[in-house]
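Each remark here refers to the structure printed beneath this line.
Just so it is clear, the values below take in all heavy atoms, side chains as well, and ignore hydrogens, waters and symmetry mates.
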Amino acid sequence: MLVAKNQRWRAGPTVVAIASAIVPYATIPTEIWLHRGGRLAGEWRREPTSDVRDRAWHDRLMRQLLRRPWILGVLVMLVVAAVFVALLIIGPPGGRA
């Protein structure tokens with residue numbers, strides 16, 4: 001998601017990239033496709049540009065997190081932990097045996 005936001009991808013490539021992360025080894029042809037299409041070119045946008053799209057709140061948040069990667073890492077760990085806790089509380093599919 002962060003790469004898609006940074007590179008300003010449309011919905012199509014973003015959905016393909018996220019879906020390829022679910023299927024083992026599907027990221028390899030997806031990355032080749034994205035690279036050939038020039039969608040992976042460029043640097044991380046840590047500073048605002050003259051582009052109007054850089055004024056959105058989520059772009060400002062992304063730049064802040066890219067400038068402080070340790071905060072981004074902590075947030076990712078907290079989200080993963082929260083998802084796993086929720087899944088453990090919900091329990092196995094089909095209910096309890």
request  = Any chance you could pull the hydrophobic cluster mates of Tyr25, using side-chain heavy atoms under 4.5 angstrom and chaining through other members?
outcome  = Ile28, Ile32
note = Residues passing the side chain to side chain contact (heavy atoms under 4.5 Å, CB included) test with Leu40, sequence neighbours excluded, are Val3, Trp9, Glu31, Leu34, His35
Minimum side-chain heavy-atom gap Glu47-Arg67 below 4.5 Å = yes
remark   = Sequence neighbours excluded, the answer for side chain to side chain donor-acceptor pair (under 3.5 Å) partners of Arg46 is none
message = Just verifying a value: how many Å separate Leu66 CG and Leu61 CG, rounded to the nearest 0.5 Å?
response = 9.5 Å
request  = Only counting residues at least two apart or in another chain, list the ones meeting side chain to side chain contact (heavy atoms under 4.5 Å, CB included) with Arg60.
outcome  = Trp57, Arg63
message = By the salt bridge (Lys or Arg N to Asp or Glu O under 4.0 Å) test, which pairs, at least two apart or in different chains, include something from residues 16-25?
response = none
ask   = Mind checking what makes side chain to side chain contact (heavy atoms under 4.5 Å, CB included) contact with Val16, not counting sequence neighbours?
value = Thr30, Trp33
query = Between NZ of Lys5 and CG of Asp59, what distance do you get to the nearest 0.5 Å?
reply = 4.0 Å
remark   = side chain to side chain donor-acceptor pair (under 3.5 Å) pairs touching residues 68-93, sequence neighbours excluded, are Gln64-Arg68
ask   = Partners of Thr49 by side chain to side chain contact (heavy atoms under 4.5 Å, CB included), sequence neighbours excluded?
value = Arg8, Asp51, Asp54
query = Which heavy atom in Ser20 sits nearest to a heavy atom in Thr27, and how many Å separate them?
reply = O-CG2, 3.5 Å
ask   = Are Leu75 and Trp44 grouped together when hydrophobic residues (ILVMFWY) are joined by side-chain heavy atoms under 4.5 angstrom apart?
value = yes
note = Nearest heavy-atom contact between Gly42 and Gln7 is N-NE2, 4.3 Å
task = Mind checking salt bridge (charged side-chain N to carboxylate O under 4.0 Å, His left out) for Glu43 and listing every partner two or more places apart, or none if nothing turns up?
result = none
task = Find the distance between CE (Met62) and CG (Leu2) and round it off to the nearest 0.5 Å.
result = 6.5 Å
ask   = Do you know the tightest heavy-atom contact between Ala26 and Pro29?
value = O-CD, 3.3 Å
